[in-house]
Amino acid sequence: MNIVYHARVIKAVAVRDFKIRITYIPWIMNSLLQPIAWTLILVYAYRSIMGPGSSEALAAHGWAGDPVGFLILGQVLLSLFNALNWRAGMAIQRERWYGTLELILQAPASRIAVLAGSSLFGLVDAGWASFLSALAVIALTGATFNVADPLAAVASILLAAVGALSMGIGLAGLYVLTRSAGPIAVAIQHPTRFFTGSSFPLTILPAVLQYVGYAIPLTYGLEAVRRTMLQGAGLGDVGPLLYRLLLLSIASTMLGVAMVRWAEGVARRNGWLHTF
Amino acid sequence: MGGYTPSKLQVLRASLSAYARDVLALYSAWGFILVRLSVPVFMVATAWALSKIASPSGLVASLGYVDYVGYVALGFAFFTMLTTTLFEVGERIHREMVQGTLETVLLTPASRLAWLIGGALGSLMISMADVALVTVYYVTLFRGEVHLGGAPYALAGLLLSLAGMTGMGIALAGIVVNLKEPHAFNVMLTPFLMLLSGMMFPVEALPGPVEAVSRLIPVTHGIEVVRSSLLQGEPAIHLLGILALEAIAYTVVGYTVFRLLEARARRLGGLGSF
């Protein structure tokens, strides 16, 4: 099978996911409105606990100035991860729910191409929703940003998205062999919010908990995006963060792909394909 | 009308029993237990992290709440309890739709109100376990303190809010019968209710008109009564009267809206489709 064949599989899966997506309008509205509400909750919580002109506590953790931009960027990238967790992570499980898993596995198509198609659509779908939500919150709160190196900012955003995607693929393997894939996908969002520092500077946490955070690709993505968009950092400043993010993303993707292959083998051998 | 007509109490008991069976089936998957146990931990832990950047000049502290962890823990626990009850009614109708039993249920000569309240009561019992869990986390992991002397007032505020939220839930159920997508609707509504209820911050922080809207939702006053009673030991007794009025108004309006929307769904022949 050549690369064109794989590309056609990826496109077919992405188009199919798009068609299913536009059937459920309330879920599209949900993707747009949820990040807005969550960001506003955090903005008002910050304003209520910090008081007027008292952002020194945040500055002491390396994030001086208005916390609104800090929160918007955290929520946007977290929403991106949440969406990809459902798209890429649940790609195999969703086929099981639709009753199409056996058909997909019997088709002469690469499983990885199927996963890639679902992930690609997830990235586009979550990307535009997160972007529009961020614009809405910026308009509502008047948040300002400080971008000195646009290239560094774009590179950070793209690599942060790759990091989120790699986490989704990494989780796909975990979800295949369990009847609890749906609830686990929900449960995983909360520790991710906490350990990546999407809602507060990670340095607030005790060192041992920070280590957990720095084992997650999204943490590096968040920090790089915040440094380039709020503090005017350049590529030289965030280079080490992006490098680690890339390494962790590659590891997470490889782990996910290996896990999906292993889980498929186990499920076939034991006749479990439709058990969960 | 001839034949057997069950009493409201019998319908309520049957509805509660059906709910219990649904819950048992749901929690046979361990992932649901994981969600139930882990989400409150991370919610309270996030409040703990935010409390590290809290200032004495902040609005929360100026209202007399010195412990932000307790502020969010109680807010989250009671918000979950009240909104789960709110959404259960709509979710129940959707479950019956998906199972293909809604038309049968609605055609039986049984009280709709008792049937809906039975499910809400079941949901209430489960969410009381959530409240206990959050309280245990707060007291053991974060060494929080609550004024148990304020518990009777907190309970009164909670019961009145529950009545109001059940009324709102019944109205939402009528919308679900026509909209068919309750889960998306509930997932979308939850963060907005969090925003308006003051779960993580005092509603005084919201812009004037938004604050006014937030005060029309029973959960807002309910959380305020619970917090003032259990964290400050000075119950906001004046809010109990408002909560009682809201409870009556929402129950009457909710049931009327449900009957109207149910009649619409029957007229259009859409009861069993989703």
Side-chain angles (χ1 to χ4, degrees), chain A residues 24-61 63 67 175 178-195 197-205 209 276, chain B residues 26-43 45-63 65 68 71-72 179-196 198-207 210:
Chain A
Y24 296 96
I25 302 298
W27 284 110
I28 296 177
M29 287 167 62
N30 210 356
S31 308
L32 278 170
L33 296 176
Q34 271 238 13
I36 296 175
W38 271 110
T39 314
L40 290 177
I41 288 169
L42 288 167
V43 168
Y44 284 112
Y46 263 68
R47 287 179 179 168
S48 301
I49 58 173
M50 292 171 72
S54 59
S55 56
E56 291 84 5
L58 203 60
H61 289 278
W63 299 101
Y175 296 152
T178 173
R179 196 156 68 94
S180 294
I184 297 174
V186 172
I188 213 117
Q189 295 174 10
H190 297 272
T192 306
R193 175 185 287 279
F194 182 76
F195 286 115
S198 71
S199 310
F200 51 81
L202 204 59
T203 48
I204 282 179
L205 298 182
L209 296 183
F276 302 106
Chain B
L26 191 70
Y27 285 95
S28 65
W30 62 269
F32 284 98
I33 298 175
L34 178 75
V35 172
R36 214 84 202 189
L37 293 177
S38 67
V39 172
V41 175
F42 287 103
M43 202 69 209
T46 300
W48 168 81
L50 293 182
S51 73
K52 301 289 173 195
I53 49 172
S55 153
S57 64
L59 181 61
V60 175
S62 67
L63 288 173
Y65 293 104
Y68 185 63
Y71 186 88
V72 174
L179 269 187
K180 322 292 184 193
E181 268 290 346
H183 196 58
F185 190 69
N186 294 348
V187 169
M188 189 162 59
L189 205 57
T190 299
F192 283 97
L193 278 174
M194 278 185 182
L195 180 70
L196 294 175
M199 186 194 88
M200 283 188 78
F201 58 85
V203 291
E204 288 86 342
L206 292 167
V210 184

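Each chain gets a letter, A, B and so on, in the order the sequences are listed, and its residues count up from 1.
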Measure across [X] and [Y] and return the closest heavy-atom pair with its distance rounded to 0.1 Å.
X	Y	answer
A:A187	B:V35	CB-CG2, 3.8 Å
A:S199	B:L50	O-CD2, 3.7 Å
A:S48	B:F201	OG-CB, 3.4 Å

Using a cut-off of under 4.5 Å on heavy-atom pairs, state which of A:P191, A:P201, A:A45 scores highest against chain B. A:P191
Using a cut-off of under 4.5 Å on heavy-atom pairs, state which of B:V60, B:L59, B:L195, B:T190 scores highest against chain A. B:L195
Under a 4.5 Å heavy-atom cutoff, which of B:A54, B:A49, B:S38, B:P56 has the most pairs with chain A? B:A49
Nearest 0.5 angstrom please: A:L42 CG to B:T46 OG1, how far? 8.5 Å
What distance do B:K52 atom NZ and A:I204 atom CD1 have between them, rounded to the nearest 0.5 Å? 9.0 Å
Kindly indicate, with the supporting measurements, whether the criterion side-chain contact (heavy atoms from CB on, under 4.5 Å) is fulfilled by A:L205 and B:W48. CA-CA 10 Å; A:L205 298 182; B:W48 168 81; 3.7 Å; yes
Please classify the contact between B:I33 and chain A as side chain, backbone, both or neither, with a heavy-atom cut-off of under 4.5 Å. neither
Contact part of B:Y68 toward chain A, heavy-atom cut-off under 4.5 Å: side chain, backbone, both or neither? side chain
Is there a side-chain contact between A:F194 and B:V41 in this structure, where contact means two heavy atoms from C-beta onward sitting under 4.5 Å apart? no
Side-chain heavy-atom pair B:F42, A:T192 within 4.5 angstrom cut-off: no
Please walk me through it: do B:M200 and A:Y44 pass side-chain contact (heavy atoms from CB on, under 4.5 Å)? CA-CA 8 Å; B:M200 283 188 78; A:Y44 284 112; over 6 Å; no
